[in-house]
2 protein chains.
Amino acid sequence: MFNFVPSIKNGMADKREHILMVAEKLFGENGFDGTSVRDIAHQANVNLAMISYYFGSKEKLLEALIEYRASFTTLQELNKDEVLTPIEKMDRVIDFYVDKIMSNFCFHNLMLQQGNNSRSEEIRELIIDIKQKNFEQLKKIITDGQRKKFFRKEIDIELTIGTFMGAISQFTQARHYWSRILHIEKDNDEAYRKKMTPRLKSHLKQVLHAHLKIKNEES
Amino acid sequence: MFNFVPSIKNGMADKREHILMVAEKLFGENGFDGTSVRDIAHQANVNLAMISYYFGSKEKLLEALIEYRASFTTLQELNKDEVLTPIEKMDRVIDFYVDKIMSNFCFHNLMLQQGNNSRSEEIRELIIDIKQKNFEQLKKIITDGQRKKFFRKEIDIELTIGTFMGAISQFTQARHYWSRILHIEKDNDEAYRKKMTPRLKSHLKQVLHAHLKIKNEES
DNA sequence: TTGAATTAAACAAACGTTTAATTAAATTTA
DNA sequence: TAAATTTAATTAAACGTTTGTTTAATTCAA
C-alpha cells in the first residue's frame, strides 16, 4: 500500500507539518476517536510528548489541521470572471472539487465526520463556517446563471448543491464499497483516484447539465 | 430535544432490543469509537455487564444491530412488478430510500462510517454485502428502463446510483450544516426530517428524470 | 550559559471485559 | 400445590489495558 505522508525534512516547522500530515491520514482512515495520540506519534516517528508540546492537545491538533487545510480562494476568483459562461463555470467548479477532494480523501472524510459529530461545538462551527462560505460562492454562480438565462429557474438551488457535494462525498467516503462495485483493485487508493476522477467529473457534468440547462438546443 | 428510543417493555427480548436502539442512537451520533459501553448501559438503564452478557462484546453488539436492521425485500418486489413504468419505479425507489434513511439517520450514518472505517474486516464486508445487494436491484431497474426505451443508454449507471445515494447521505450526514443553510431549527431532528423529506424527494425525482429520461415529449 | 527541543516515565481517568455473588424465574420433585 | 432444585438474569466490584496529558530530567542549539 502507498504512503502519501511526506518524510521529515530539516527544521521544526516541517516537523509540525509532518505530524499534521500523519494525523490527517490516521484521522481520515480511523476517525478522530479511532486514532490515539500514540498512534500519531509512532507513525510520525516523534516522541509522544511532542504532540502536546506542539499543539497543546489532541483536539487542538485537529483544529490546527483544519486551519492548515482550509484555503478557499479559487471559487471567489471564478465568480469574478466575466468571460466564462455560467455553464463553463459550473464545469470548472466540478473539476475543482473533484480534484481537490479526490486528491485528499482523508481530510475530506475527517471534515465530514467532525462537522457533524465532533464533541467540540467549536470545531463543528469552524467546519460549518468554512463549508458555508463555499456554499455561498457556489450559489452565486448558479443564481448568476439563472439571471443570464442559462439555467432553469425551477431548480432547488440548495439541494442541487447538496446533491453535487453529496455525490463526491459518496465516492470518497465509501471507497471500499465502490472499489468492489466498479472492480477497482482493493485497498489501492491511487488506482481508485486515477480511475474515478475523470469518470466522476464527466458524470457530474452530464447530470448537472441535464438538470440546470434550459432545454433549447442540443449541446 | 426528542428521544426516539422506545422505553423498556416487559420481557427480555424487549430489553435486548432496547439496548440495540440506544446503541444505534449513540453510535450514530458519536460514532462507534466515540461511544463507550458505559454510555450505552447508562442511557439504556441496564447494568454495564448486561451488554457483554447479551451480546458478548461491543463489536458483537454492532453486528447484532446491523443484522437487526438489515431488511431489504421491498426493492425485489418492486423489480418483479410488471405494471409500473421504469420511471414510476424510480420514483418509488426514491420515496423508499428517502423515507427509510430520513426516518433513521443514526443507523444510516453508522453504516456509512463502519462500512469503510470499521477496524473489523468482518463488519466492513457485512455492510458492503448488504449495500451491494441493493445496488444490484437498483441497477436492474435502470437497465430494464433502458431496454424498454424509457431511459437513455449513455448514462453511467454505477455513478448515477452513487450520486443518488450520495445525495441522500449528504442530507442525513451533514444535518447541522444543512439546518443552518436551510434555516431549519437547530438540533431538532424532527423538524429537519419533516421539512427535508418531501423536498428531497421532489428534488431527486427532478434530477433523475432530467438525467435518465429520453428527451422526446415534455412530461 | 541560557532557552528551546526532546525524552522516558509516570499520571489519573476511561476503556472493554470478566468475575463472583446475589436475586429472580423456571423447572422438577414430592 | 408447596417445597426443592436448577437455571437464568442481574449486580457491584474488580480486572488489566489504553487513553490523553504532564512531569522532570536530559540533550541540543544559539
Side-chain angles (χ1 to χ4, degrees), chain A residues 7-66 110 113-114 117-123, chain B residues 7-66 110 113-114 117-123:
Chain A
S7 56
I8 301 182
K9 300 162 204 165
N10 45 354
M12 101 133 225
D14 291 314
K15 196 163 194 173
R16 225 188 86 107
E17 239 176 65
H18 178 65
I19 294 173
L20 282 176
M21 307 316 287
V22 171
E24 177 177 59
K25 181 170 179 283
L26 293 176
F27 284 161
E29 279 176 0
N30 312 317
F32 181 75
D33 292 309
T35 306
S36 74
V37 190
R38 278 172 180 80
D39 287 341
I40 299 169
H42 183 256
Q43 276 247 19
N45 273 308
V46 298
N47 187 276
L48 171 61
M50 293 307 293
I51 284 164
S52 291
Y53 181 74
Y54 276 131
F55 302 99
S57 69
K58 187 187 181 185
E59 202 168 280
K60 290 268 182 63
L61 163 61
L62 174 58
E63 285 180 49
L65 176 57
I66 293 170
L110 177 62
Q113 181 206 115
Q114 291 295 309
N117 298 328
S118 177
R119 224 127 321 116
S120 156
E121 168 96 27
E122 197 186 335
I123 286 174
Chain B
S7 54
I8 302 182
K9 299 162 203 163
N10 45 354
M12 100 131 225
D14 291 313
K15 196 164 196 171
R16 225 187 88 106
E17 241 175 64
H18 178 66
I19 295 173
L20 283 176
M21 307 316 286
V22 172
E24 177 177 59
K25 181 169 179 284
L26 294 176
F27 285 159
E29 279 176 1
N30 312 317
F32 181 75
D33 292 310
T35 305
S36 73
V37 190
R38 280 172 178 81
D39 287 341
I40 298 169
H42 183 256
Q43 276 246 18
N45 273 309
V46 298
N47 187 277
L48 170 62
M50 292 308 293
I51 285 164
S52 291
Y53 181 74
Y54 277 131
F55 301 100
S57 69
K58 189 188 180 185
E59 202 168 281
K60 289 268 183 64
L61 164 60
L62 173 58
E63 286 180 49
L65 177 56
I66 293 169
L110 177 61
Q113 182 205 115
Q114 291 295 308
N117 299 329
S118 178
R119 222 125 324 115
S120 155
E121 168 96 27
E122 196 186 336
I123 285 174

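So that the names make sense, note that chain A is the first sequence line, chain B the second, and so on, each numbered from 1.
- Atom CD1 of residue A:I19 and atom CG of residue A:D14 lie 11.5 Å apart, to the nearest 0.5 angstrom.
- Rounded to an integer number of Å, the gap from OH of A:Y54 to P of D:dG20 is 20 Å.
- Taking 4.5 Å as the limit, every side-chain heavy atom of B:N117 sits out of range of all side-chain heavy atoms of A:E29.
- Under the rule for a salt bridge (Lys or Arg N to Asp or Glu O under 4.0 Å), the partners of A:R119 that lie at least two apart in sequence or sit in another chain are A:D33.
- Rounding to whole angstrom units, CD of residue A:E59 and C1' of D:dG20 are separated by 12 Å.
- Residues B:F55 and B:L20 form a side-chain contact, since some pair of their non-hydrogen atoms from C-beta on lies under 4.5 Å apart.
- Listed by chain and number, the residues in a salt bridge (Lys or Arg N to Asp or Glu O under 4.0 Å) with A:E121 are A:R124, B:K186 (sequence neighbours excluded).
- D:dG20 atom C1' lies 12 Å from atom CG of A:L61, rounded to whole Å.
- Direction change of the helix axis from one end of the helix from C:dT1-D:dA30 to C:dA30-D:dT1 to the other is 10°, with five pairs defining each end axis (rounded to 10°).
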Would you tabulate the pairs of protein nitrogen or oxygen atoms and nucleotide nitrogen or oxygen atoms of nucleotides 17-19 of chain D closer than 3.5 angstrom?
none

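- Counting heavy atoms from C-beta on, the side chains of A:E59 and A:E122 never come closer than 4.5 Å.
- By the side chain to side chain contact (heavy atoms under 4.5 Å, CB included) test, A:T35 is found to be paired with A:L26, A:F27, A:N30, A:D39, A:I40, residues two or more places apart in sequence or in another chain being considered.
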Review item, nucleotides 7-9 of chain C N/O atoms under 3.5 Å of protein N/O:
from: C:dT7; atom 1: OP2; to: A:N47; atom 2: N; distance (Å): 3.4
from: C:dA8; atom 1: OP2; to: A:N47; atom 2: ND2; distance (Å): 3.3

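- Counting to the nearest Å, the C1' atom of D:dT26 and the OH atom of A:Y53 are 14 Å from each other.
- B:L62 has its side chain within reach of B:L110: a pair of non-hydrogen atoms, C-beta onward, lies under 4.5 Å apart.
- Contact detail for A:F32 and A:Q113: the closest heavy-atom pair is N-OE1, 3.3 Å.
- Rounded to an integer number of Å, the gap from A:R16 CZ to C:dA5 C1' is 15 Å.
- Residues A:N47 and A:M50 form a side-chain contact, since some pair of their non-hydrogen atoms from C-beta on lies under 4.5 Å apart.
- Here the P atom of nucleotide C:dT18 and the CZ atom of B:F55 are 15 Å apart, to the nearest Å.
- The heavy-atom pair separating A:A41 from A:I51 by the smallest distance is N-CD1, 3.7 Å.
- When rounded to the nearest whole Å, the span between CZ of A:R119 and C1' of D:dG20 equals 13 Å.
- In this entry the distance linking CD1 of B:I19 with P of D:dT10 reads 9 Å, nearest Å.
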